[in-house]
Protein chains: 2
Amino acid sequence: MTIQKAFVSAQDVAARAGVSRSAVSRTFTPGKSVSAETRAKVLAAADALGYHVNHLARGLMRNESGIVCLIVSDLGTPYRSNLVNALTQQLQDAGKIAMLINTDRSDESVGLALRQAIRYRADASIVVSGMPDKSIVKLCLRNGLRLVLINRDDEHDGTLRINLDDAKAAENAVTAFARAGCKHLALINSTAGTPSLMAREAGFIAAAAARDLPVMVEHHGHTSYASGRLMAQRLLTRPTRPDGVFCVTDLLACGFMDTARREFHLDIPKDLCVIGFDDIEQASWISYNITTFAQPIDGIAANAVAWLRGDAEQTERTSLRLHADMVWRGSVRGG
Amino acid sequence: MTIQKAFVSAQDVAARAGVSRSAVSRTFTPGKSVSAETRAKVLAAADALGYHVNHLARGLMRNESGIVCLIVSDLGTPYRSNLVNALTQQLQDAGKIAMLINTDRSDESVGLALRQAIRYRADASIVVSGMPDKSIVKLCLRNGLRLVLINRDDEHDGTLRINLDDAKAAENAVTAFARAGCKHLALINSTAGTPSLMAREAGFIAAAAARDLPVMVEHHGHTSYASGRLMAQRLLTRPTRPDGVFCVTDLLACGFMDTARREFHLDIPKDLCVIGFDDIEQASWISYNITTFAQPIDGIAANAVAWLRGDAEQTERTSLRLHADMVWRGSVRGG
DNA sequence: TCAGCTTTTGCAAGCGTGTGCAATCGTCAC
DNA sequence: GTGACGATTGCACACGCTTGCAAAAGCTGA
């Protein structure tokens, strides 16, 4: 194999096709005027040479790279990986491409990620984890980087904020427990306390108070299986044992249920009702069968992408609140 | 807010700092010679203006974008999302950035993904799902796009192939079953049959044959929880019920175990031993507690990234076979 | 002070593309 | 035959950056 230039350029294609370089460029730009004959010659030459438009150069010229950054931590987590999956899929369908940046959930590392997005002149970035601080957000907007915040908070203007109706869901959870005859409610949550988790907590406590039901609360670590186990041990050794527990995440619920059953020999839902949140795949597995709230993952992704495409009616709405449907399964009595 | 140019360029910074544009460029290129004084002026101006090097332009000049494409299907799957997580993390640490492309696992869509990688002049792409055909691989190599194939096959020259020692693992599974006194072995697998899954199957059958143990085999759908359930129904209604089942994936094992317990009231490991593969998080959950083989995810990622960086000794090895350690848990008797 | 050296600096070319502008071509009606 | 008009085409500049080259500046020792 002879040594050759790594990538073939439009110039090369033009030479082979016997046309000007602009003709090549126009052939690959939808909506530009090229005669059928020229187009055919160009396409033939491009195919023979293995030509592919250089998107770096195109992005440089158009000032629009087609890149959208996804900023996310703990991609291994079921909920997050499903959301990222839906987002990349829908971005691809919209002609964009996803760039993935890992963060530990510190604000600082989110800032670093956003700077990286700016460097690649991303058209937008979508923040799934962590909270960018005000100055970074301003920097992004100033640089023409559009921002979507998913289940973050509702503070930053100029961005699209997509949140769930966490308070409403929490209220429904209380209602379900009340109907099941639960008298002693409890809630377990992480210590991190993202705005959306805190909204679930506050909503649950408020709704319970409205019905004069007491709520025990535990906080620990991240929203993981291990945390769920640990909080189960704490909660189930209290003097009065709760009989209705709202886990702000299905992962917590899985750990909680396993410990309640194996270590405390409790029957779910007879002795203890459990409600989770997210509707991850595992919640539907036979061993768990958790009553939970479904994150409208496709809906979230669709709204984000629609806003990015600048669809007329969507562009104006900068704050969206989606509903999380309750999924009735077997971890609550009398569904 | 006044209308202004979207992005600030090196020119703008140079003007404000009172130096030439090249000085700005050199300031942001490690190893280039700039006086401390100039560097300070440049950094001050860059900070004030919010300047960020344009990586599209830089990539265009250097002919090296810093982008690495990850080609993957079903990111929602625990094993894949953990692998992608490790890869993006380690790529970031190496100064690269991950681009994520979703495929259905058809060869065709892998081809499309690779063309996308070429268009963005990615430095490399890492194929986690699907199998690119020979002509596309050639096209990539000709375009200077390096290729890493993870748990694919071992055919393509010029690429880095990272595989597990599936045969050895399968042999260890047979040994474990034999020690537990299992007489009737079985294996469940997807119909897709990627090379690595087929290697596990072939290895298991061969090792069982060497011990004169019969093996029942079932194939169905993807390597999912649902498939595991369905194959359990098929396998456990056979005239002779297996007492040692190798599930080529933990997800299959979860579905299999749930069905074996709830629908056939079998005790694991008393009536039935189960071994999985991957060591996903769920395999360690109390409800499953599956004896399995750990994918050396960090090792895979580390090897891939090291090869991409062109580390001297690594560059020569183009085919790697890593070991999957057995993780002893409770789904096999007498661990 | 000055030659000889190293470090720093600015200039300008070039990376591969998109696109405004003017020139060219073909078509058609008169 | 001619003029008008629309579709195509090529030229040349621009995008923001890197880098070779040569000039300038700083430093050393005699």
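In what follows, chains are A, B, ... by sequence order, proteins preceding strands, each numbered from 1.
Between A:Leu100 and A:Val72, some side-chain heavy-atom pair lies under the 4.5 Å cut-off. Side-chain contact between B:Asp123 and B:Ile67 is absent, with no heavy atoms from C-beta onward closer than 4.5 Å. Contact annotation: the side chain of B:Val19 approaches that of B:Val24 to within less than 4.5 Å [non-hydrogen atoms, C-beta and beyond].
If you check every strand for non-hydrogen atoms under 4.0 Å, B:Ser35 touches sugar and phosphate atoms only. Residue contacts for B:Val34: at a heavy-atom cut-off of 4.0 Å it reaches the sugar-phosphate backbone alone, with no base atom in range.
Which of C:dG10, D:dC17, C:dG18 sits closest to the side chain of A:Arg121 comes down to D:dC17. Distance from the side chain of A:Thr38 is smallest for D:dT9 among the nucleotides C:dG18, D:dC17, D:dT9. Nearest nucleotide to the A:Tyr51 side chain, out of D:dG16, D:dG10, C:dT17: C:dT17. With distances taken from any side-chain atom of B:Met61 to the nucleotides C:dT19, D:dT18, C:dT17, the minimum falls on D:dT18.
Residue whose closest nucleotide on DNA chain D sits further toward the 5' end, between B:Arg21 and A:Arg26: A:Arg26. Of the two residues contacting DNA chain C, namely A:Val24 and B:Ala23, the nearest-nucleotide position lying further toward the 5' end is that of B:Ala23. Residues B:Val19 and A:Ala57 each lie close to DNA chain C; by heavy-atom proximity, the contact nearer the 5' end of the strand is made by B:Val19.
Residue A:Lys32 contributes atom NZ, which lies 14 Å from atom P of D:dT9 at whole-angstrom precision. When the P atom of C:dG14 is taken as reference, atom CG of A:Asn54 falls 18 Å away, rounded to whole Å. Atom C1' of nucleotide D:dT18 and atom CZ of A:Arg119 are separated by 17 Å, given to the nearest angstrom. The CD-P distance, from A:Glu37 to D:dA7, rounds to 18 Å in whole Å. The CG atom of B:Leu56 sits 20 Å away from the P atom of D:dA14 (whole-angstrom rounding). C:dC15 atom P lies 17 Å from atom CD of B:Glu64, rounded to whole Å. Put simply, CG on B:Leu60 is 13 Å from P on D:dG16, counting in whole angstrom units.
In summary, the side chains of A:Tyr79 and A:Asp74 do not present any donor paired with an acceptor at a separation below 3.5 Å, with no hydrogens or angles considered.
Applying the 3.5 Å distance criterion, the base of D:dC15 shares no donor-acceptor pair with the side chain of B:Ser9.
Distances shown here put a side-chain N or O of A:Ser33 below 4.0 Å from the OP1 or OP2 atom of D:dT8. Taking side-chain N and O atoms only, B:Tyr120 has no distance below 4.0 Å to OP1 or OP2 of C:dG16. Within the structure, a side-chain polar atom (N or O) of A:Ser20 is placed less than 4.0 Å from OP1 or OP2 of D:dG10. Note on A:Ser25: a side-chain N or O is less than 4.0 Å away from OP1 or OP2 of C:dG18.
Contact record, B:Val34 with B:Arg39: CG1-N, 4.1 Å, taken as the closest heavy-atom pair.
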